[in-house]
There are 2 protein chains.
Amino acid sequence: MIQPNARRTQAERSKASREKIILAATKFFAQNGFRATKLSEIAQAVEMSEPGLLHHFPSKNHLLIGVLEERDRLDQQRYVGVADGEDLPVVTSLRELVTHNEAVPGLVQLFTVLVAESITADHPGHDFFRKRYQNLREIGIELISKSQEKGEIRNDISAEDLIVMIFAMMDGLQIQWLLEPEKISMTKEFNLFLQFLTG
Amino acid sequence: MIQPNARRTQAERSKASREKIILAATKFFAQNGFRATKLSEIAQAVEMSEPGLLHHFPSKNHLLIGVLEERDRLDQQRYVGVADGEDLPVVTSLRELVTHNEAVPGLVQLFTVLVAESITADHPGHDFFRKRYQNLREIGIELISKSQEKGEIRNDISAEDLIVMIFAMMDGLQIQWLLEPEKISMTKEFNLFLQFLTG
DNA sequence: GTCTATACCCTGATAGAC
DNA sequence: GTCTATCAGGGTATAGAC
């Protein structure tokens, strides 16, 4: 006889394990990239054996996708949250986004390291990142267009082009910043860039 | 008795081997990154055994540094060549640089993939890229300053900030372009960005 | 769900002959 | 300078018990 209570408890415990694993994996992937990260170090971090870990994620690739989807979900919550606050100018929201990113270097590094690794076509994250950029660009174009109509942003350049430039500036600044955190200020340079957008 | 002629011939042959290896390694590093590249595939590409290859470069790390220095040397020749042609506006030179980069995707990918991989502190290319950016920024600041004095570029933003933004835009566009070459045009977006610089 | 044991493959690097 | 042979080590993933 199946006891609902016991079942829920077990399911919850399993979920907790998954999340603990994702959290630890996030840290190592961000620090060392995907290929250089060993299952053993993740397993050790969550105080579990390798097969124990592989019970939750059938392979290392699955684990990567799990990490990316989870992190992307959180990331996008904030991004879309930005979109909802339509009373704020987009420029202000972008400024806040970068400021926030500067506060969580680990997460930024995760995406910067992995997106670059995934440029190579055979990387397990390749499709994920292509779709991610496509998706983020689409959302961004909406926002920028509205903002242009309101006159907040210059309209002599198309929203399509602007959003590509905006993401490029973010990614590029992240690289220099991650290489020399003491020397490069993401927010400072990005805010200067934003001046360009208001014409 | 040492024969000068024979010695020179041998040294030349060795140099040819080195260059063949670097050429092949460049291709694989660009395609798959450093860590994912196996010595065996490079060795096979140059029709040599692994120990034969390791005779020229004592370790895989040495080979990476060899590749980076060689490619950087070529890259910088063009970059400094740009600096010398002082009659041309910097903006024009930058435009040409990016146009050239779009024509050699392999080389661009080499640096984009490797710089991102090397963000992790323990990567054998980490120091190389930090120094590279420092060096390129220094050269760039000189050029931008002069250009500002001549009134070609807006002077309400410091040359230090402008050069960081310029490299960021280049790197960021490269990422999106490498992920979707058919969809993103580096030159188009970069030229739009250059408009910002002339005020 | 988690473990122990282990299979299996690959990888960079070395020893030593030619 | 290049090879064959081989080492030492580490990596993911599976089998099967508890």
Side-chain angles (χ1 to χ4, degrees), chain A residues 2-25 28-29 31-67 117 120 122-125, chain B residues 2-25 28-29 31-68 114 117 120 122-125:
Chain A
I2 296 166
Q3 295 175 315
N5 273 346
R7 263 174 70 205
R8 200 178 57 217
T9 304
Q10 198 177 19
E12 275 171 6
R13 205 172 291 144
S14 171
K15 189 154 168 284
S17 286
R18 267 186 71 96
E19 277 169 23
K20 249 175 68 182
I21 292 167
I22 283 185
L23 210 66
F28 286 108
F29 288 161
Q31 216 150 68
N32 305 325
F34 170 69
R35 296 198 248 238
T37 296
K38 295 170 275 190
L39 285 181
S40 58
E41 50 191 353
I42 302 173
Q44 195 184 353
V46 297
E47 288 168 317
M48 197 182 265
S49 67
E50 280 175 61
L53 190 157
L54 287 172
H55 170 74
H56 298 278
F57 299 89
S59 79
K60 196 187 170 191
N61 281 10
H62 284 84
L63 176 55
L64 173 66
I65 299 301
V67 166
E117 212 181 359
T120 64
D122 63 319
H123 193 280
Chain B
I2 298 168
Q3 294 176 318
N5 273 345
R7 266 172 71 206
R8 199 178 58 215
T9 303
Q10 200 177 19
E12 276 171 6
R13 205 172 292 145
S14 171
K15 186 153 170 284
S17 285
R18 267 185 73 95
E19 278 170 22
K20 245 174 73 182
I21 293 167
I22 284 186
L23 210 66
F28 286 107
F29 288 161
Q31 216 148 67
N32 306 325
F34 170 69
R35 295 198 249 239
T37 296
K38 295 169 277 193
L39 283 181
S40 58
E41 49 191 354
I42 302 173
Q44 195 184 353
V46 298
E47 289 168 315
M48 197 183 264
S49 67
E50 278 176 63
L53 190 157
L54 287 172
H55 170 75
H56 298 277
F57 299 89
S59 80
K60 196 187 170 189
N61 282 10
H62 284 82
L63 176 54
L64 173 67
I65 300 301
V67 166
L68 289 176
L114 291 184
E117 210 181 2
T120 64
D122 63 318
H123 193 281

Chemist: Quickly work out the M48(A) CE to dT4(C) C1' distance and round it to whole Å.
Modeler: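 For the pair M48(A) CE and dT4(C) C1', the rounded distance is 15 Å.
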Chemist: For L53(A) and dT2(C), what is the distance between atoms CG and P respectively, to the nearest whole Å?
Modeler: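 So the two atoms are 10 Å apart, to the nearest Å.
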Chemist: Looking at every non-hydrogen atom in both residues, tell me the closest pair between L54(A) and S59(A) and how far apart they are.
Modeler: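 That closest heavy-atom pairing would be CD2-CA, 3.9 Å.
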Chemist: Just the rounded figure in Å: distance from C1' of dG12(C) to CZ of F28(B).
Modeler: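 Value for this atom pair: 17 Å.
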Chemist: Decide side-chain contact (heavy atoms from CB on, under 4.5 Å) for H56(B) and I22(B); before the verdict, give the C-alpha distance in whole Å, the side-chain angles of both, and the deciding distance to 0.1 Å.
Modeler: CA-CA 10 Å; H56(B) 298 277; I22(B) 284 186; over 6 Å; no
Chemist: Without decimals, in angstroms, what is the distance between E47(A) CD and dC3(C) C1'?
Modeler: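 In whole Å, dC3(C) C1' lies 15 Å from E47(A) CD.
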Chemist: From C-beta outward on S49(A), which listed nucleotide comes closest to its side chain: dT2(D), dT4(C), dC3(D)?
Modeler: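 Nucleotide nearest to S49(A)'s side chain: dT4(C).
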Chemist: What's the CZ-P distance between F57(A) and dA13(D), to the nearest Å?
Modeler: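 My rounded result for the distance is 13 Å.
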Chemist: Does K38(A) count as lying over the ring of F28(A), i.e. NZ or CZ under 6.0 Å from the six-ring centre, within 45 degrees of the axis?
Modeler: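 No cation-pi geometry.
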Chemist: Could you state the atom-to-atom distance from CD1 of I21(B) to C1' of dG1(D) in whole Å?
Modeler: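 Computing the I21(B):CD1 to dG1(D):C1' distance gives 11 Å.
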Chemist: Can you name the nearest heavy-atom pair linking K60(B) to L39(B), along with the distance?
Modeler: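 Taking every non-hydrogen atom into account, CG-CD2, 3.9 Å.
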Chemist: What residues, two or more places apart in sequence or in another chain, satisfy side chain to side chain contact (heavy atoms under 4.5 Å, CB included) together with Q44(B)?
Modeler: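 Partners of Q44(B) by the side chain to side chain contact (heavy atoms under 4.5 Å, CB included) criterion come out as none, since no residue qualifies.
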Chemist: When you look at E117(A) and R35(B), which way does the side-chain contact (heavy atoms from CB on, under 4.5 Å) test go after all the steps?
Modeler: CA-CA 10 Å; E117(A) 212 181 359; R35(B) 295 198 249 239; 5.9 Å; no
Chemist: Please tabulate the protein-to-nucleotide N/O contacts below 3.5 Å involving nucleotides 6-12 of chain D, giving atom names and distances.
Modeler:
{"unit_1": "dG11(D)", "atom_1": "OP1", "unit_2": "K38(A)", "atom_2": "NZ", "d": "3.2"}
{"unit_1": "dT12(D)", "atom_1": "OP1", "unit_2": "T37(A)", "atom_2": "O", "d": "3.4"}
{"unit_1": "dT12(D)", "atom_1": "OP1", "unit_2": "L39(A)", "atom_2": "N", "d": "3.4"}
{"unit_1": "dT12(D)", "atom_1": "OP1", "unit_2": "K60(A)", "atom_2": "NZ", "d": "3.4"}
{"unit_1": "dT12(D)", "atom_1": "OP2", "unit_2": "L39(A)", "atom_2": "N", "d": "3.1"}

Chemist: In whole angstroms, how far is the C1' atom of dG16(C) from the NE2 atom of H55(B)?
Modeler: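 In whole Å, dG16(C) C1' lies 15 Å from H55(B) NE2.
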